[in-house]
S.K.: 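Provided herewith is a single structure, encoded as structure tokens, for subsequent inquiry.
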Amino acid sequence: MKKQESVAVDEYVLTLFVTGASPNSVRAIANIKRICELYLAGNYNLEIIDVYQQPLLAEKQQLIALPMLLKSSPLPQTRLIGDMSDTQKVLKGLGKNNETTDGIEENL
Amino acid sequence: MATALSTKKDTKIRLQKSPTGIAGLDEITEGGLPKGRPTLICGEAGAGKTLFGIEFIVKGATQFNEPGVFVAFEEKSDELAANVASLGFDLKKLVQEKKVRLDYVHIERSEIEETGEYDLDGLFIRLGYAIDAIKAKRVVLDTLENLFSSLSNEAILRAELRRLFEWLKTKGVTAIVTGEKGSNQLTRQGLEEYVSDCVILLDHRVQNQISTRRLRVIKYRGSMHGTNEYPFLIDNNGISVLPVTSLTLENKVSSQRVSTGIPSLDNMLGGQGFFKGSSILVSGTAGTGKTSIAAHFANAACMRRERCIYFAFEESPEQIIRNMKSINVNLEKHVKSGLLKFHASRPTLYGLEMHLLVIYKMIQEFKPTTVILDPITNLVTVGTVSDIKSMLMRLIDYLQKEQITVLFTALTLNTIINENTDEGVSSLVDAWLLVRDIEFNGERNRGMYIMKSRGMKHSNQVREFVINDNGLELVDVFLGPEGVLTGSARVAHQLMEKTENALKAFSLNRKDREIERKSSMLEAKISGLRSEFESVKDELNRIYQEEELKQEVLNQNREAMINLRKEKVQQSTKK
């Protein structure tokens, strides 16, 4: 328990719900992977779920718009929908915008 | 199942329909909603859209063996179940029996960040899964446009909704999509009405502080449908739509007659009263005794051991019972014996449609042979004249079908020409009695006449209508040289006639006696003359006899003389 808690404080627990190999899904996977590597390197746990394979999850997780990224940790829980092409908004949703906005612009 | 089979047979000819099970709606739509296609139910907040959807699902599951999925975007499943439990729909049980599936779709705007292109596959997957899980034939989406408030990319949503409708069609489910009414169009997004095959608008209008729900089928691809606005009700049995008129006029008729409870009125109606199952209107100005006539009619029905419902819109039952006691009509004992039922309600209690439904229900429960509505004029406070007319038309239709005799009372105002008022029902009813004031000679009397009475001989006379301790009575008005007389004038005239008669009789008597006297006098004279005549005759006789005697004696003398002479001659010759 203790170990988990200490990890949870700063580790990003992300779940990406996609629908098979639809264009949006493919783009979303590529984008989120890139963003995670860029901004959350080594500090994240990304799980990708194909909702077609687990339709029950759709109801349980209140899925409507897909692809959707669920950030369950750190709190607050947030949901990001879309193909994650708007990096700024993704970072804002992940709660990283304040610290890294400058960094992005530098990187770009 | 039977309906499903029969609709299958008709496939080639007409569109397949999925019955809603909502009372009256399947009549308007000629069978229900288009099977396997989406239907839009739109209306303002509180119009009854959600209930419509729920009823469609529940009736489908319970009556037509068609399981259904209800996707709620607004209410949570538990809330929904609790809300419709009051209508007698046990959603939880149906869910357990896998006949209904509830899915609450919820998006918290604040939790969501849109980061690019997306689609609504999540909704499709959920819905697809739910449909497959219970082999659903019906789907309700309540209210789709909530998505628009949760997600901001309208272009995507519109495209996705279009795709959703297409997808529902390919799934072969009969779908209902509800939508909030927009300001200038049927829905806020102006999208659903174009992609739906059938559009039904629910409306909730308030007129004179009283609300009436109305329903209209705006479009129905490939099918005929009623285009009118139909009033509908939501009560503890769900929705019921009341088609304005039944399409046929094929009610059975009876030639049996029922007494009015007033013998002299029966006499005016060919001696037997009204036809059973007919509708009777009693109209008149205030205080002319309409309620009293109604009470007599009710009393007569109960005396025949028949049931009667009295719908009072003006007075309370106690008030009516008390007032009628004063004219020797005891309604209380009929109430106690269960033959008479009062239902008193203020017209403003609810709208006309609700009144009509209450009347329907009471009639169905109590099964009376006689119904009284007293007075229908008070309903004007709840609706316009044409509303009331359409309501009464439906009521009369229904009652005629059930062979129930109905008596309406209606108040007419002196200022209005009587013949035009009465809520325009005068053409609908079979018999129309008019009670009116006759103001004459400084007093006000009641006159009654029969304006019409279909199919029977009836009196064309105005009768004076008298209410006394023994009840109602119709008196022949006095038709004298001065015209029609009523009230005290009639009585006075009758008295005058009486004295005249007495006087006449008296004078006749005197004349008779005089004549008698004269005749006896003459007779005396005659007998005097006769005795005189007798004496004269006697005298004549005597003279005649004397004369005769004289002659005889004379003759005898002469003969004696002759004989004497002869003897003298012989003597002489001998000599």
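Just so it is clear: chains get the letters A, B, ... in the order the sequence lines come, proteins before strands, and each one is counted from 1.
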S.K.: Which bit of A:S85 comes within less than 4.5 Å of chain B, counting heavy atoms only: side chain, backbone, both or neither?
M.R.: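 Contact with chain B: backbone and side chain both.
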S.K.: With a sphere of 6.0 Å drawn around NZ of B:K219, does it hold more than 12 non-hydrogen atoms of other residues, nucleotides or ligands?
M.R.: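 Counting neighbours around NZ of B:K219, more than 12 heavy atoms of other residues, nucleotides or ligands fall under 6.0 Å, so yes.
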S.K.: Report the option among A:D86, A:L66, A:V90, A:L63 that has the most heavy-atom pairs separated by less than 4.5 Å from atoms of chain B.
M.R.: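 Between A:D86, A:L66, A:V90, A:L63, the count favours A:L66.
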S.K.: Could you give the distance from CZ (A:R79) to OG1 (B:T115), rounded to the nearest 0.5 Å?
M.R.: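 A:R79 CZ to B:T115 OG1: 14.0 Å, rounded to 0.5 Å.
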S.K.: Could you tell me the separation between the CD atom of B:E113 and the NZ atom of A:K71, rounded to the nearest 0.5 Å?
M.R.: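 Result: 11.0 Å between the selected atoms.
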S.K.: At their closest point, which heavy atom of B:G122 faces which heavy atom of A:A58, and how far apart are they?
M.R.: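 Closest heavy-atom pair between B:G122 and A:A58: O-CB, 4.2 Å.
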S.K.: Is the CZ atom of B:R162 crowded by more than 12 outside heavy atoms at less than 6.0 Å?
M.R.: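 Open: at most 12 neighbouring heavy atoms sit under 6.0 Å from CZ of B:R162.
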S.K.: Mind ranking A:L56, A:N31, A:T78 by heavy-atom pairs under 4.5 Å with chain B and telling me who comes out on top?
M.R.: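 Winner by heavy-atom pair count: A:L56.
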S.K.: How about A:Q61 and B:R126: does a side-chain donor come under 3.5 Å of a side-chain acceptor?
M.R.: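 Distance-only check fails for A:Q61 and B:R126.
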S.K.: Which members of residues 132-157 of chain B, sorted by number, sit under 4.5 angstrom from chain A on a heavy-atom basis?
M.R.: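 When heavy atoms of chain A are the reference, residues 132-157 of chain B contributes B:L147, B:L151 within the under-4.5 Å range.
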S.K.: Looking only at non-hydrogen atoms, find the nearest pair between A:A65 and B:Y118 and report the distance.
M.R.: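 For A:A65 and B:Y118, the tightest heavy-atom pair comes out as CB-CD1, 3.6 Å.
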S.K.: Does any backbone or side-chain atom of B:F124 lie under 4.5 Å from a heavy atom of chain A? Answer side chain, backbone, both or neither.
M.R.: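 The answer is neither part of B:F124.
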S.K.: Atom CD1 in A:I81, atom CD1 in B:I112: separation rounded to 0.5 Å?
M.R.: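 These two atoms lie 4.5 Å from each other.
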S.K.: Heavy-atom cut-off 4.5 Å, strictly under: side chain, backbone, both or neither for A:F17 against chain B?
M.R.: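 When you check distances to chain B, no heavy atom of A:F17 falls under 4.5 Å.
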S.K.: First locate atom CG of A:L57, then atom OH of B:Y129, and finally report the distance between them rounded to the nearest 0.5 Å.
M.R.: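 So the gap between those two atoms works out to 10.5 Å.
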S.K.: Answer yes when B:R101 and A:E59 have at least one side-chain N-carboxylate O distance shorter than 4.0 Å, and no when they do not.
M.R.: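 Here B:R101 pairs with A:E59 in a salt bridge, since their nearest N and O are under 4.0 Å apart.
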S.K.: Side chain from CB out, backbone as N, CA, C, O: work out which of these in A:N24 comes under 4.5 Å of a heavy atom of chain B, or both, or neither.
M.R.: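 Looking at A:N24, just its side chain touches chain B.
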S.K.: Any donor and acceptor pair, going by atom type alone, linking the side chain of A:D83 with main-chain N or O of B:E117 inside 3.5 Å?
M.R.: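 It does hold such a pair.
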S.K.: Of all residues at least two apart in sequence or in a different chain, which pass the side-chain contact (heavy atoms from CB on, under 4.5 Å) check with B:N83?
M.R.: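 Residues passing side-chain contact (heavy atoms from CB on, under 4.5 Å) with B:N83: B:E75.
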S.K.: To the nearest 0.5 Å, what is the distance between CD (B:E160) and CD1 (A:I64)?
M.R.: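 Spacing of CD (B:E160) from CD1 (A:I64) equals 12.5 Å.
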